[in-house]
Amino acid sequence: MNEALKQARYAFEEGEIPVGAVIVSKDRIIAKGYNQTEKLNDVTAHAEMLSITSAANYLGAKYLIGCRLYVTLEPCVMCGGALFWSQIGEVHYAAVDNKRGCMKNESPILHPKTKVFAGTLAHEAESLLNLFFKRLRN
């Protein structure tokens with residue numbers, strides 16, 4: 001999760017919503033990403049989406065079975081859908097997204113075999129997000 005926070009800081013420095021993600025396979029980071037929706041002028045350029053694509057390219061496979069995603073904010077519905085289709089093994093997220101998080105839905109969005117872990121380094125991720133939005137408002 002520390003590496004995901006590092007990615008989130010890159011997003012913060014570039015004026016993006018500070019969300020970072022990494023994907024791990026066999027205890028090795030195989031993909032990194034941070035939000036780049038403004039930079040790429042692409043609403044789908046979320047940290048998770050960029051990481052999923054990068055990991056699939058690295059593995060040469062569309063499925064991420066056995067991989068773990070570490071992300072600083074609970075994935076949104078779009079990212080949750082992509083994670084479903086990738087069949088990722090685990091999702092670890094830091095901060096809860098009370099407005100757009102995929103875990104809020106009545107029917108599960110993530111693949112039934114995906115294990116979910118929440119709250120790792122949540123305070124650090126929330127602090128970065130709060131600072132970003134405070135600066136945006138001022």
Side-chain angles (χ1 to χ4, degrees):
M1 190 63 78
N2 283 316
E3 184 59 37
L5 279 167
K6 185 176 176 182
Q7 295 297 310
R9 288 184 198 100
Y10 292 148
F12 182 88
E13 291 167 9
E14 293 183 14
E16 301 277 358
I17 295 175
V19 177
V22 297
I23 294 180
V24 174
S25 177
K26 299 178 183 171
D27 295 323
R28 182 174 181 204
I29 294 174
I30 62 167
K32 300 176 187 180
Y34 60 90
N35 276 4
Q36 296 183 47
T37 60
E38 300 298 328
K39 179 180 181 178
L40 300 177
N41 198 29
D42 179 357
V43 297
T44 69
H46 290 197
E48 302 95 323
M49 300 294 281
L50 298 172
S51 296
I52 291 167
T53 299
S54 181
N57 288 336
Y58 177 87
L59 294 172
K62 62 183 179 180
Y63 297 117
L64 303 178
I65 299 166
C67 292
R68 299 185 309 270
L69 168 73
Y70 293 88
V71 62
T72 59
L73 182 64
E74 177 183 349
C76 70
V77 174
M78 173 186 68
C79 294
L83 291 164
F84 174 92
W85 291 111
S86 77
Q87 297 183 29
I88 197 151
E90 295 179 8
V91 172
H92 300 254
Y93 65 88
V96 172
D97 185 342
N98 290 316
K99 291 183 180 179
R100 294 179 183 84
C102 72
M103 302 307 289
K104 307 287 179 270
N105 292 334
E106 291 179 23
S107 53
I109 289 179
L110 298 176
H111 194 277
K113 292 183 181 178
T114 300
K115 295 176 184 167
V116 179
F117 303 89
T120 305
L121 298 179
H123 177 72
E124 292 85 342
E126 290 165 357
S127 294
L128 190 57
L129 286 160
N130 289 337
L131 179 59
F132 174 82
F133 286 111
K134 182 179 180 181
R135 285 187 180 177
L136 191 64
R137 286 187 293 272
N138 293 334

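Since the model is a prediction, treat every value here as computed from it, not as a measurement.
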Original post:
For L73 and V96, which heavy atoms make the closest approach, and how far apart are they?
Top reply: CD1-O, 3.9 Å
Original post:
Just wondering, do F132 and L128 contact through their side chains at under 4.5 Å, heavy atoms?
Top reply: no
**OP:** Check whether any side-chain N or O of N35 sits under 3.5 Å from a backbone N or O of A47 as a donor-acceptor pair, and report yes or no.
**Re:** yes
Original post:
To the nearest 0.5 Å, how far apart are OG in S25 and CD1 in I30?
Top reply: 4.5 Å
Original post:
Should the pair E16-K39 be classified as a salt bridge under the 4.0 Å nitrogen-to-oxygen rule?
Top reply: no
Original post:
Which distance, rounded to the nearest 0.5 Å, do you find between the CZ of R68 and the NE2 of H92?
Top reply: 6.0 Å
Original post:
Short question: side chain of T72, backbone of A94 - any donor-acceptor pair under 3.5 Å?
Top reply: no
Subject >> Heavy-atom side-chain contact between V71 and C79 under 4.5 Å >> reply: no
**OP:** Indicate yes or no: at least one non-hydrogen side-chain atom of H46 is less than 4.5 angstrom from one of V19.
**Re:** no
Subject >> Flag side-chain contact, heavy atom, 4.5 Å: F133 against I17 >> reply: yes
Subject >> Residue list, side chain to side chain donor-acceptor pair (under 3.5 Å) with H111, at least two apart or on another chain >> reply: none
Original post:
Between I52 and V22, is there a shared hydrophobic cluster once you connect ILVMFWY residues whose side-chain heavy atoms come closer than 4.5 Å?
Top reply: no
Original post:
Do V116 and V24 sit in the same hydrophobic cluster, where Ile, Leu, Val, Met, Phe, Trp and Tyr count as joined when their side-chain heavy atoms come under 4.5 Å apart?
Top reply: no
Original post:
Any side-chain heavy-atom pair from T114 and L83 closer than 4.5 angstrom?
Top reply: no
Original post:
Would you say M103 and L110 make side-chain contact, with heavy atoms under 4.5 Å?
Top reply: yes
**OP:** Could you tell me whether the side chain of E48 reaches within less than 4.5 Å of the side chain of Y93, counting heavy atoms only?
**Re:** no
Original post:
Minimum heavy-atom separation for G33 to Q7, with atom names?
Top reply: O-CB, 3.4 Å
Subject >> Under the side chain to side chain donor-acceptor pair (under 3.5 Å) test, residues paired with K6 that sit two or more places apart >> reply: none
**OP:** Check step by step if side chain to side chain contact (heavy atoms under 4.5 Å, CB included) holds for T37 and V43.
**Re:** CA-CA 5 Å; T37 60; V43 297; 5.5 Å; no
Original post:
Where the side chain of Q87 meets the backbone of I65, is there a donor-acceptor pair that is under 3.5 Å apart?
Top reply: no
Subject >> side-chain hydrogen bond (donor to acceptor under 3.5 Å, both in side chains) pairs, two or more places apart, involving residues 51-66 >> reply: R28-Y58
Original post:
Tell me, do T120 and Y70 make a side-chain contact under 4.5 Å, heavy atoms counted?
Top reply: no
Subject >> Nearest heavy-atom neighbours spanning C67 and L59 >> reply: SG-CD1, 3.9 Å
Original post:
What are the two closest non-hydrogen atoms of A11 and P18, and how far apart are they?
Top reply: CB-CA, 3.9 Å
Subject >> Heavy-atom neighbours of K104 NZ exceed 12 at 6.0 Å >> reply: yes
**OP:** Decide whether M1 and I29 are clustered together by the hydrophobic rule: side chain heavy atoms of Ile, Leu, Val, Met, Phe, Trp, Tyr closer than 4.5 Å, transitively.
**Re:** yes
Original post:
If you measure from CG on L69 to CG on L64, what distance do you get to the nearest 0.5 Å?
Top reply: 9.0 Å
